[in-house]
Participant: 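A single structure is presented below for examination.
Predicted model, so just to flag it, every value in this text is computed and none were measured.
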Amino acid sequence: MEFSSETRQNSLLSSERGIQRTQYPYVTGSSVVALKYKDGILMAADMGGSYGSTLRYKSLERIKPVGKHSLIGASGEISDFQEIMHYLDDQVLNDNMWDDGNSLGPKEIHSYLTRVMYNRRNKFDPLWNTLVLGGVKKGQKFLGVVTMIGVNFEENHVATGFGNHMAQPILRSEWHENLTFEEGVTLLEKCMRVLLYRDRSAVNKFQIAKITEEGVTISQPYALKTFWGFKAFENPTAGADGSW
Amino acid sequence: MTNSCVELPAKRGFSFDLCKRNAMLADKGLKLPPFRKTGTTIVGLVFQDGVILGADTRATEGPIVCDKNCEKIHYMAPNIYCCGAGTAADTEAVTEMVSSQLQLHRYHTGRESRVVTALTLLKKHLFNYQGHVSAALVLGGVDCIGPHLHTIYPHGSTDTLPFATMGSGSLAAMAVFESKYKEGLSRDEGIKLVSEAICSGIFNDLGSGSNVDVCVITKGHKEYLRNHMLPNPRTYVTERGYSFPKNTEVLMTKITPHRERVEVIEGGDAMEE
């Protein structure tokens with residue numbers, strides 16, 4: 001009885017104070033693009049962390065392996081991603097402790113992440129990320145997304161943030177089943193190049209990660225070639241003096 | 001010394017008189033009816049011999065498609081065309097106004113219009129209205145100097161580019177251009193790339209849809225390919241047809257068009273000078 005009256009008082013107090021816990025992201029990562037190919041999943045992300053409009057960090061790893069079968073890529077608030085990795089490490093550890101020959105696969109991790117994100121959103125305290133989860137377990141490929149409000153779905157090719165506007169149109173017209181590794185990488189690089197040209201928060205330093213039945217490979221950081229040699233860029237206002 | 005009111009000449013330009021009252025009503029919670037916007041994907045690119053413009057054909061009023069097949073590529077001059085995105089009334093009015101100004105200028109100078117002329121007239125007008133005339137344009141044409149492609153933003157800034165996209169579907173179309181554009185495209189390659197970019201906008205953007213319009217402008221020649229592609233055909237048409245209720249009496253099944261009542265005076269006097 002006392003307990004319930006206390007809580008009632010507390011809730012009255014909190015509504016007077018008007019607690020709002022919606023945060024604002026501070027250090028953010030830009031898009032992640034991923035697709036299913038013949039042997040597994042390919043995922044690409046740049047290594048930039050923006051602090052508002054400053055490109056503050058240029059060596060952030062936004063793609064990380066989870067357990068033996070999955071790969072997670074995150075865009076959005078970096079500190080929340082680090083927190084999510086902490087939760088996932090706990091999950092993987094607990095799973096190992098069981099020592100029952102079974103291990104958490106991508107579907108299970110995806111489901112766990114959905115619950116975490118949705119419950120945080122219900123408390124008005126979201127983890128400000130869009131997560132891409134890919135993996136292969138027992139020959140079954142999986143690629144899914146969880147957003148900061150708990151929306152989750154599986155698809156053959158996904159992109160977060162700006163990638164939805166610029167990379168998805170390319171993927172929708174050029175993805176097909178059973179891409180080879182080289183074709184998949186070319187397609188991803190095409191998407192990342194377009195994002196590099198047109199997204200202000202992109203940096204020219206990428207990692208492409210691959211996950212197959214055998215395991216995870218995350219490439220070393222590398223840069224894409226860009227082309228700026230259009231004749232029209234050399235003297236753009238040659239025919240239109242006074243404009244630009 | 002009569003007590004008549006002096007008739008002031010009508011004030012030119014947009015009248016801002018009601019803005020204060022609109023702001024007051026908005027504060028009280030009244031929502032404006034949605035503008036008829038063109039949602040839109042519009043693109044342009046410079047190819048070997050000239051300029052190719054492309055546009056989708058959907059016009060929206062909020063969430064509703066109000067025109068499934070509107071024309072977004074507007075005529076400016078025989079050698080200049082302009083695609084418009086934003087509020088449909090604004091793009092129509094602004095392009096028609098500048099088009100007539102260009103024609104008067106052609107009569108005055110006796111020369112073919114230049115794209116920079118259209119550009120300057122448009123940007124002057126739009127800057128004057130500080131972005132309230134919501135027209136985002138892709139202007140392209142070929143004149144005595146060469147092929148030109150410009151984008152004009154609602155606030156009056158312009159860009160000169162080898163390839164350009166505007167409208168809500170501009171990101172989807174730009175993704176296609178950035179990955180596939182190269183200089184010196186042939187006519188067919190250019191049309192194919194423009195169609196691909198518009199289709200990317202049509203299928204990936206909700207504000208764009210229906211068909212693809214293309215306009216090819218070269219030196220001394222232009223081709224307006226209206227509905228060049230129809231990637232959204234009507235797939236199901238009912239076979240039942242129409243049937244009238246049983247009591248209807250059909251009087252005549254011949255359709256007679258209305259004729260205007262025009263009185264023609266034969267052999268009247270010539271107009272007085």
Participant: Can you tell me if A:Gln140 has over 12 outside heavy atoms packed within less than 6.0 Å of its CD?
Facilitator: no
Participant: Please list all pairs meeting side chain to side chain donor-acceptor pair (under 3.5 Å) that have one or both residues in residues 27-37 of chain A, counting only residues at least two apart or in different chains.
Facilitator: A:Ser30-A:Asp46
Participant: For A:Lys231, which atoms come within 4.5 Å of any heavy atom of chain B: side chain, backbone, both, or neither?
Facilitator: both
Participant: How long is the gap from CD on B:Glu183 to CZ on A:Phe227, to the nearest 0.5 Å?
Facilitator: 6.0 Å
Participant: What residues of residues 143-174 of chain A sit under 4.5 Å from chain B when you count only heavy atoms?
Facilitator: A:Phe162, A:His165, A:Met166, A:Pro169, A:Ile170, A:Arg172, A:Glu174
Participant: Quick one: salt bridge (Lys or Arg N to Asp or Glu O under 4.0 Å) pairs with a partner in residues 191-208 of chain B, sequence neighbours left out?
Facilitator: B:Lys180-B:Glu196
Participant: If you draw a 6.0 Å radius around CZ in A:Phe233, do more than 12 non-hydrogen atoms from other residues or ligands fall strictly inside?
Facilitator: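 Yes, the 6.0 Å shell around CZ holds more than 12 heavy atoms from other groups.
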Participant: Would you please classify the geometry between the A:Phe230 ring and the B:Tyr181 ring as parallel, tilted or perpendicular, with 30° and 60° separating the classes?
Facilitator: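 Because their plane-to-plane angle lies in the 30° to 60° range, the rings of B:Tyr181 and A:Phe230 count as tilted.
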Participant: Look at atom NE2 of B:His228 and say whether more than 12 heavy atoms of other residues, nucleotides or ligands are closer to it than 6.0 Å.
Facilitator: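 Yes.
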Participant: Heavy-atom count around B:Leu206 CG within 6.0 Å, excluding the residue itself: above 12?
Facilitator: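 It does not: B:Leu206 CG has 12 such atoms or fewer within range.
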Participant: With a sphere of 6.0 Å drawn around OH of A:Tyr26, does it hold more than 12 non-hydrogen atoms of other residues, nucleotides or ligands?
Facilitator: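 No - once you tally the heavy atoms of other residues, nucleotides and ligands closer than 6.0 Å, there are 12 at most.
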Participant: So does B:Lys124 have more than 12 non-hydrogen atoms from other groups sitting under 6.0 Å from NZ?
Facilitator: no
Participant: Counting only non-hydrogen atoms closer than 4.5 Å, can you tell me which residues of residues 191-210 of chain A sit against chain B?
Facilitator: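 Contacts with chain B: A:Val194, A:Tyr197, A:Arg198.
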Participant: Kindly check if the number of other-residue, nucleotide or ligand heavy atoms within 6.0 Å of OH (B:Tyr75) is above 12?
Facilitator: yes
Participant: Give a yes or no on this: more than 12 heavy atoms of other residues, nucleotides or ligands lie within 6.0 Å of atom NE2 of B:His108.
Facilitator: no
